[in-house]
Amino acid sequence: MLFRFLPLFLLPLPALSSVTVYGQIPLAQTATAASSVDPAAPAVTTLAAYNDTVLNPPPVPSPMPSTAYTIEMPRDAAAVPGLSIPHVGAAFWGFSIEMSVINQVLGKNSSFIQVPFLNLMQNLVERAGGVVVRLGGNTQEHATLVDEITNHTVITKEKTDLSQTTRTPAVLYSLDLFYLANNISHLTNVKWFMGIPFNDSVNWRLQIAEHGQTIMGDNLLGLQAGNEPDFYDTNGHRTETYSPFDYFTEVGSLINAIDANPNIPNKHILIGPSLGGGGNGWSPEQVWDTGFLTSYGDRMYALAVEHYPNNNCFVQFGVGSLVIPQEVFHTYLTHDAGKQLVAPYLNSTMVAQTVKKPFIMFETNTASCGGFQGISDSYGAALWALDYGLQMAHSNFTNALMHIGGQNVFYNPFTAPPTNQTGFNQWTVGSIYYSALVAAEVFGKSNTSQIIDVGANGDSVYTPAYAVYEGGTLSKMALFNYIDDATGASDMTVSISVPNAGVPASVKVKYLSAPSVSVKNITWAGQSFGGRYEVDGRLKGDLNIVTINCDQAANACRIPLKAPGFALVFLSETDQALSLGQATQTFATTAHTKGRNTATVDQKVLSTSNGHSEKDRVSLGSTSHGSMNGAFGGETVVRAAMGVLAGVCAGVWVLKGMMR
Ligand SMILES: *[C@@H]1O[C@H](CO)[C@@H](O)[C@H](O)[C@H]1NC(C)=O
Ligand SMILES: *[C@@H]1O[C@H](CO)[C@@H](O)[C@H](O)[C@H]1NC(C)=O
Ligand SMILES: *[C@@H]1O[C@H](CO)[C@@H](O)[C@H](O)[C@H]1NC(C)=O
Ligand SMILES: *[C@@H]1O[C@H](CO)[C@@H](O)[C@H](O)[C@H]1NC(C)=O
Ligand SMILES: *[C@@H]1O[C@H](CO)[C@@H](O)[C@H](O)[C@H]1NC(C)=O
Ligand SMILES: *[C@@H]1O[C@H](CO)[C@@H](O)[C@H](O)[C@H]1NC(C)=O
Ligand SMILES: *[C@@H]1O[C@H](CO)[C@@H](O)[C@H](O)[C@H]1NC(C)=O
Ligand SMILES: *[C@@H]1O[C@H](CO)[C@@H](O)[C@H](O)[C@H]1NC(C)=O
Ligand SMILES: *[C@@H]1O[C@H](CO)[C@@H](O)[C@H](O)[C@H]1NC(C)=O
Ligand SMILES: *[C@@H]1O[C@H](CO)[C@@H](O)[C@H](O)[C@H]1NC(C)=O
């Protein structure tokens, strides 16, 4: 949250405009994958999502933590103080999709859904029971319903000439947006969050609440009341004096408007305060202390915050100070990273329990302003996001959402190809999708999983570990080794022990593996989604589950753990998650509409819309004039001129990539 002001003269618009994002992505083909990749493909590697940078791993720490250590965990949860709340209902990690890239990621419209997206969701659904996805971001504040969008897309941008405009071009959406989301929910168990436009707190625009509820019913879980209100002052949405109490008053006004609206049947699914926090942001306590929870608690579906650990705004927009990825890589490769991120919220997750509300990290990723090349898509980031997620779960967050942009960000968990590439390229899975997949398995779908950070190996920041209890019994251990050491000297042997001769005869282990924290090729239990442009959302390769025989006489199961490495140890050989590789239900483009098991795919549409046709190359991804900013995480409307420039440019707004 460092850079909220962006003088107009600093905007590198010419550079940005060279990377226009194409928002209309047809269904990817699943049949002609690698064979049809054009070796002479244009310079897509210049797009951040496909950046090749490989950083140097940090050196082996000195002093080294012990490479052989014991974790003793009681069999019964009752003997373990500090266990988290049970994690219920949906995968811990869900996703946050900026409105302006919905066409790329979800699909063009309700009859034109991205099959790789369905497969990626289904892999989480079979592990965890469901997935939550938020459609929104700062663009939600000005989102405007229109009757119809030409070319049958669900989202487009308002046509404006930035050189003349005095306000932000709005994201325009059609009613079909709700049918698109609802159709996806019919195909796989995805539930949705959206946001009520908050730019105008006098004339509330409630169409998203009305149509969302009418069309999506219970598939719409919650509606954000404001997005990062603690930055409304600095980004020009409100006056400089805008305070937590002003926000409190506006939420009250919104509730009055909802109460007066007969077309909004469920008046109790708001989400707030969605603070950005950090730096100039508000603390959650400042909002709680307005009386927010006592006044509005029963109106809330969940409480939420949003936060990123760092930003890449200097490189993207020339503001703030330069962060060199190589220099900060090590800050992601330690258990302290996740602990520091959750620390400001520990009081609030307890407060949320007292009012019996979910507490959600609504938007996060490796770094705002698009993430860092070499970090955001590395195996190191996969370890970071998995540890951060488990740390949030340990700290009683109920879910967290990974933010997704277009092709011009480094941090996507998954990326659809640029429109004009779709004939020969497919999707790309980023390293942090694997973190979401593994976390889904860590908790499973029993709705009873409780987790605890066990402070392993003398609480070493390099070798964190968590224990998971299901139905009150120790069920899994999650073991990390952040150290990168190809010599093998930093490989660990983790001895798991259960009091009263409690270890079983053997345990099963799934590894999340890569040769180094720096690389991008990752396997989970031997399987992978494939490399860049090879992804259709299905795991490929043979499932490889390792059996470790325990030494029952010594009451020890000794688990080998590479440097770097992650192991998920299943103490029960009958754990259902053990059989899970690629989800049993998949979606293929050859499928026709036959009810629940198939995607809605019209072969005629498919054959004419693979990106070869000029009429299909429509620039929809961008929400600023001539640039690709729509793909940036958490876009922020930035007042273009402040201070001495205010007299000249007051009122000029530029919709830019986020400036957190
Ligand atoms: C990766 O991104 C960085 C930062 O934008 C850029 O300097 C570099 O040239 C890119 N590398 C590749 C191989 O695309
Ligand atoms: C877990 O919770 C979800 C949603 O609350 C419910 O749909 C599902 O049936 C539950 N599963 C079990 C095993 O109780
Ligand atoms: C979706 O787009 C296709 C192709 O442009 C079009 O034929 C179809 O009618 C659209 N569906 C809806 C519901 O708009
Ligand atoms: C998808 O949405 C359309 C509305 O555009 C609806 O007619 C159709 O039944 C939906 N299909 C499924 C599988 O829900
Ligand atoms: C809010 O945004 C809408 C859509 O862009 C616009 O029509 C309206 O004038 C805005 N209201 C205010 C107070 O800025
Ligand atoms: C936790 O938050 C509540 C509500 O804002 C506040 O009253 C209390 O002082 C906070 N406790 C701590 C330890 O910060
Ligand atoms: C999570 O909530 C449980 C139950 O209230 C509590 O015992 C535990 O201390 C909390 N964990 C953290 C890290 O706050
Ligand atoms: C695809 O679009 C990008 C961005 O506009 C452009 O640079 C590139 O040349 C296009 N490639 C083809 C094959 O049309
Ligand atoms: C992973 O990628 C690295 C280079 O980035 C390569 O050296 C290694 O052989 C690859 N491993 C696998 C299993 O493909
Ligand atoms: C629809 O496609 C046509 C032809 O490619 C294009 O000129 C027009 O701008 C598109 N409409 C929208 C709303 O993007």
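In what follows, every heavy atom counts, from backbone to side chain, and hydrogens, waters and symmetry copies are set aside. Ligands are counted one by one from 1 in listed order, and the atoms in each one are counted from 1 as well. Along the sequence shown, the residues carry numbers beginning at 1.
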Per-atom filter on ligand 2: closer than 4.0 angstrom to a heavy atom of Asn447 are 1 (C), 2 (O), 3 (C), 8 (C), 10 (C), 11 (N), 12 (C), 14 (O)
- prompt: In this structure, are over 12 heavy atoms from other groups packed under 6.0 Å from Arg205 atom CZ?
  reply: yes
Interatomic distance, OG@Ser84 vs CE@Met392, rounded to 0.5 Å, equals 13.0 Å
Looking at ligand 5, would Arg205 count as a contact under a 4.0 Å heavy-atom criterion? yes
One should read off an interatomic distance between Phe198 CZ and Asn227 CG, to the nearest 0.5 angstrom, of 10.5 Å
Salt bridge (charged side-chain N to carboxylate O under 4.0 Å, His left out) filter on Asp259, not counting sequence neighbours, yields Arg299
Near Ala170 (heavy-atom distance under 4.0 Å), the atoms of ligand 5 are 5 (O)
Output, or 'none' if empty, a list of ligand 6-protein atom pairs in which both atoms are N or O and the distance is under 3.5 Å, rounded to 0.1 Å.
from     : atom 1 : to     : atom 2 : distance (Å)
ligand 6 : 2 (O)  : Asn347 : ND2    : 2.3
ligand 6 : 5 (O)  : Asp289 : OD1    : 2.7
ligand 6 : 11 (N) : Asn347 : OD1    : 3.3
ligand 6 : 11 (N) : Asn347 : ND2    : 3.1
ligand 6 : 14 (O) : Asn347 : ND2    : 3.4

Applying salt bridge (charged side-chain N to carboxylate O under 4.0 Å, His left out) to Glu250 and not counting sequence neighbours gives Arg238
Neighbour count above 12 (heavy atom, 6.0 Å) for Glu285 CD
yes
Sorted by chain and number, sequence neighbours left out, ring pair (Phe, Tyr, Trp, His ring centres under 6.0 Å) with Phe92 holds for His87
From the list Phe359, Trp93, Tyr388, Phe362, ring-ring contact (aromatic ring centres under 6.0 Å, His included) partner of Phe397 resolves to Phe359
**Prompt:** Any N or O on Asn199 sitting closer than 3.5 Å to an N or O of ligand 5?
**Reply:** yes
